[in-house]
Every structure is written in structure tokens, then in C-alpha cells.
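These notes concern the structure reproduced below.
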Amino acid sequence: MSYAKVLCVGLLGVTGHVVEVEADLAPGLPAVVISGLPDTALHEARDRVRAAVVNSGQRWPNRRITLNLLPATMPKFGSAFDLAIAVALLGGSGELPLLPLERVVVLGELGLDGTVRPVRGVLPMVAAAARAGLERVIVPVDNAAEAAVVPGVRVRAVDTLHRLVEFVRDGTPLIEPPAPAPTEGPGGPDLAEVAGQALGRRALEVAAAGGHHLALFGPPGAGKTMLAERLPSILPELDDDAALEVTALHSVAGLLPAGGRLLRRPPFQAPHHTATVASLVGGGSGLARPGAVSLAHRGVLFLDEAPEFGRGALEALRQPLEHGRVQLARSRGGTEYPARTQLVLAANPCPCARPAGDTYCECSPLARRRYLGRLSGPLLDRIDVQVTLPPLRAAELMEATATGEPSAAVAARVAAARRAAADRWAGDGWRVNAEVPGHRLRHPPWRLPERDTRELRGRLDSGSLSARGFDRVVRMAWTIADLDGRDRPQADDVREAIQLRMGDAA
């Protein structure tokens, strides 16, 4: 037999596609030709596979070898095809009977000594195999726990090419995946540790309940960072679909923690203010990697000292915030990553970040305007909740009995509000109020009566609020009503939403 075929999976972004690895061995001068839009790592596979086959005690076929990866029009990236290429070569040369690998997906990178090394993105690869109706996969032993979280797939692992050859020839059992890792506990900082700041707590709770973006302004030490870091502690755990999405993104980025468990807690990303555009929204040559906004999918992206970030990096966030996804175009094709994240900005009022007043702060009013002006109007227009925190008083900071409400109590109210919103929008597939298109809330049966929106309409007509801001205030009013257990917002809910949006809440 001079032809063999083995199944593998290729990734475009976080989406997997089943790939057929074909091997044809023909008479002629010994050579290895790889076709099917391979990248550099795949072109180098010929040398890795040759050394791995020989060092595993197998005979290398000295013939003209043509390797093709179907579909040929889809770009192929990475080294996850190594193991499938080696098995297809040995099958085409007649060394291996490939019947045991029929409708089996084979994934793994090969070392020169024949060891099978882990690869990135195994979880979305196995999920793609399951969607294609393939129920058996063979993965590197270090990826076995990660692959096993995908339901409906039988996972087996290998540590060497020799072990896989023995399985195909003699039926020697492969390695079983380890037992599932225990579910991670809530952990993290607690909201009870934040002193005072009733306004900041309310803004945080509204943002969590409705999935709204949040901007916190105020002097240093007011608690902006503490509040932002505690937002994940009041968010509900991810459901199965969201957990698979988030875990797949971290798998593609190579950031999945050991143990292979699904990530149930909303992720929290806090990049440094020197972060580039590529590190925030994704990038890189060949296959663009996910950035911080995608790694924070279904979680929180926190930009501390937001005016210190590069203007280009901040403006690059506008499209992901609006559409919930990142589309990256490269010469070899486009890549799309989900980016349904909550953005939290924190900013001091001026560059010197000293307490306000003639004695301490030396910044002129113009310098203050220029500093906060680094946050453009179009970006801030996409931030639903914008509040200015007052400086802490000594009584709030030193009072031993003035402990704030713990995260668990706030999380219970947030979960109830999210359930109410999810039930309301179940027929449309929206999870939280922030995802609802504005036009749906401006038309029956969800349109609010004119008596409740009179002040909001006045703000729009006067130009102090944009049309986008109008829709975001209405969404927040629905969230406030959900938190308070009402079926529909009232005039007070709209008024509070305006105050949270305009930054003049008392």
C-alpha cells in the first residue's frame, strides 16, 4: 500500500476544522513534499517526523513522499499535525495497518527522540471533532485532562510514537486520561474589604447585574482598584457553554492551568498601561493570537490608570466593546475571537495624582482636562456607568465595625437580577441587559412610558447625552429594576441610571 489517510484537526482562531492528512509514497528520488497551505512549523515537520520515526525503531521509507492536508484551501498552523503525519507515513509504507485508527483524530507534536509533546488549543480541536461526529481522539499525555472535559468523546493519550505504533500493531492499551480535577473555589478578594464608598459599591453591583461597562474616577486611594478587582467575586459562575468558550480561548493562548478543568470563574485581565494594541486585541504573524480583551471573554478587562495607555490601544477597544468579538485580518486569512467582556476603567483626576486643593495638587485646570482628555469621547460613550468616587474620610477608614457587605451577599442579588433578565430575553438569546439592542427597548412591548423618560429625553434633546447613551441609560434602568425585584423600570430607576451614566450620582 502506498497511500494512507489519518484524521487531525486544524485551528483558525478558536474554531477547529477536521483535516485529512494524506500520505502518498511513490518511486523516485527520496524527498518529502508538504502541500495544503502549511506554515513554517509544518514545513519543518518533515525533519522532526523523520528523526522521530527512526529513533522510535521504525524504518524510514526512502521514496518520494507527498503529504497533503485537506481541505487544501484552509491555512494550517502549528505542530499538532506531527503525530498524524508520522502515522500516515508508516501506514502508507505498509509498516502499520491503519484500520484501528479509522475515524480517530490524532493530535500531537513530535520530539526528535519520538516523544509526543503537548500542543496549544487541544480543547477546541477535540470540540471540533465532536461536532463532526468523531467520537475517538488520541492526544499527548499532557493534554489528556484538557481533552477529557469535552462531553461525548473517548479520549486516549500517548507519550511516545512507539506507544502509538504498538497500539496500532498489537492492540497495546493507550494511557487513560486522569480523573477530573476538583472544581476551583470562589477565592479572590472580597468586597467586604472595601471601606466606605457606597456609590462605588452601587455602581459595581449595577455593572455586574447587567453586564455594563464601568469607569471609576477619583483621587488616589479612593478604592478604584480595590472595587475593580472585586468585580469577579460578585459575578455568577460560568455555565457549561460559556465555560467551554473561555477555556478554549485560554487553551489556544497556552494559558490553561494544570489539571485540565473547565474555567468556571469569570476571567480577570489587568494588562499594564504599556500594553500594545496587539496585546490588547490580539495579533502576531501567521495565526493571530487572542489578546487581553478576548482572554477576558465572559469576565472583566481592567485598565488601571487608563489615561496612561496608548491612544491607539484604547481606541482599538471600541469595535470589540460594540460587537463582542475581535476580527483580525492577516495576509493569509482572517481570524475571529469572541470578546464579550466587561471593561472597567480607573483614572486619577490629574497627572500628579495628589489630593485636590491649592496646597497639594499643582496641576492647572487645563492640565487636568488634557489628562482625562486622553480618554476619547467615543470610547467613554461606550462606557455605561461613569462615577466619580469621593476621597475616603478617616471615620470610614478607621471604623473597626464598619465592614462592608461581603461579596457573597451582593453576588446573590446579582444572580437573581441576571436570572430575571435571562428569563425576559430567553427567546432572543441575550444573557444580560447590556446585550439587548437599543431599538428593542424603544419599541413596544418594552418601550417605557413618556412620563418615566421625560428627563432622559430632555438630556438627549439638549445634547448632553448621545443616542447611544440614551440606549445605555435605558438598559441600566432595566438592570436597576431587576436588582430591586420589579418587572419594569420606573421613573426613579431611570433617574438613577442617568446619574450613574452622567457621573453626577449623589
Side-chain angles (χ1 to χ4, degrees), residues 191 197 199-217 224 227-236 242 266-269 293 296-303 306 317-318 320-324 339-347 375 378-389 410-411 413-422 424-425 430-438 440-441 446 448 456 459 465-484 486 489 493-505:
L191 201 56
Q197 295 300 0
L199 171 60
R201 287 170 169 274
R202 179 61 173 174
L204 200 72
E205 184 174 341
V206 171
H212 305 290
H213 304 306
L214 172 65
L216 299 170
F217 303 98
K224 304 184 296 294
L227 285 168
E229 290 175 344
R230 283 150 182 80
L231 178 55
S233 69
I234 62 175
L235 294 176
F268 181 82
Q269 292 286 316
V293 69
H297 178 60
R298 302 295 179 191
V300 179
L301 175 64
F302 176 44
L303 303 185
L317 295 174
R318 285 161 53 180
L321 293 182
E322 196 75 19
H323 302 290
R340 187 70 66 181
T341 181
Q342 279 187 259
L343 177 66
V344 179
L345 303 179
L375 304 176
L379 176 63
L380 287 177
D381 202 29
R382 289 165 168 80
I383 308 298
D384 304 27
V385 186
Q386 304 178 27
V387 295
T388 300
L389 303 181
V410 181
R413 292 197 299 270
V414 168
R418 287 206 172 199
R419 283 194 299 269
R424 181 189 310 121
W425 312 118
W430 301 312
R431 296 168 180 255
V432 290
N433 292 322
E435 297 178 3
V436 182
R440 285 298 301 274
L441 298 176
W446 310 113
L448 299 181
L456 180 59
R459 298 261 188 171
L465 195 66
S466 68
R468 180 186 288 114
F470 182 97
D471 290 338
R472 292 181 181 272
V473 168
V474 173
R475 293 187 191 118
M476 277 196 290
W478 280 95
T479 299
I480 293 169
D482 290 336
L483 279 170
D484 295 341
R486 289 187 292 273
D493 301 324
V494 177
R495 190 173 300 110
E496 182 182 359
I498 293 173
Q499 293 170 344
L500 290 174
R501 167 74 182 185
M502 305 299 292
D504 55 4

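For the numbers below, each heavy atom of this structure counts, side chains included, while hydrogens, waters and symmetry mates do not.
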Name all residues meeting the salt bridge (Lys or Arg N to Asp or Glu O under 4.0 Å) criterion together with [X]; count only those two or more places apart in sequence or in a different chain, and write none if there are none.
X: Arg298; result: Glu245, Glu435
X: Arg413; result: Glu205, Glu405
X: Arg419; result: none

Determine the minimum heavy-atom distance between [X] and [Y], stating which atoms define it.
X: Met476; Y: Ala497; answer: CE-O, 3.5 Å
X: Leu441; Y: Trp425; answer: CD2-CH2, 3.7 Å
X: Pro266; Y: Gly299; answer: CB-CA, 3.9 Å
X: Ser233; Y: Ala411; answer: O-CB, 4.1 Å
X: Ala209; Y: Val432; answer: O-CG1, 4.4 Å
X: Thr341; Y: Ala296; answer: OG1-O, 3.1 Å

Counterpart residues, side-chain hydrogen bond (donor to acceptor under 3.5 Å, both in side chains), relative to [X] (two or more places apart):
X: Arg230; answer: Glu193
X: Arg440; answer: Asp428
X: Arg486; answer: Asp484, Asp493

Heavy atoms, side chains only, cut-off 4.5 Å: are [X] and [Y] in contact?
X: Val206; Y: Asp384; value: no
X: Leu317; Y: Leu303; value: yes
X: Pro236; Y: Val414; value: yes
X: Arg459; Y: Val473; value: no

Would you say the side-chain atoms of [X] pair up with the backbone N or O of [Y], donor to acceptor, closer than 3.5 Å?
X: Gln342; Y: His213; value: no
X: Arg475; Y: Val436; value: yes
X: Gln386; Y: Leu380; value: yes

Within this structure, what is the [atom1]-[atom2] distance for the pair [X] and [Y], rounded to the nearest 0.5 Å?
X: Leu191; Y: Glu229; atom1: CG; atom2: CD; result: 12.0 Å
X: Met502; Y: Thr388; atom1: CE; atom2: OG1; result: 11.5 Å
X: Asn433; Y: Ile480; atom1: CG; atom2: CD1; result: 10.5 Å
X: Arg382; Y: Glu322; atom1: CZ; atom2: CD; result: 4.5 Å
X: Phe268; Y: Leu235; atom1: CZ; atom2: CG; result: 10.5 Å
X: Gln197; Y: Lys224; atom1: CD; atom2: NZ; result: 9.0 Å

*Verdict with reasoning, Leu227 to Leu214, per side-chain contact (heavy atoms from CB on, under 4.5 Å)*: CA-CA 11 Å; Leu227 285 168; Leu214 172 65; over 6 Å; no

*asked:* Working note: Arg202 + Glu496, criterion side-chain contact (heavy atoms from CB on, under 4.5 Å); need CA distance, chi angles, decisive distance, verdict.
replied: CA-CA 11 Å; Arg202 179 61 173 174; Glu496 182 182 359; 2.8 Å; yes

*Walk me through it: do Ile498 and Leu456 pass the test side-chain contact (heavy atoms from CB on, under 4.5 Å)?*
CA-CA 7 Å; Ile498 293 173; Leu456 180 59; 4.0 Å; yes

*Would you call Asp381 and Arg501 a salt bridge, taking side-chain N to carboxylate O under 4.0 Å as the test?*
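A salt bridge links Asp381 with Arg501.
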
_For Leu199 and Leu500: C-alpha separation, side-chain torsions, deciding distance, then whether side-chain contact (heavy atoms from CB on, under 4.5 Å) applies._
CA-CA 9 Å; Leu199 171 60; Leu500 290 174; 4.3 Å; yes

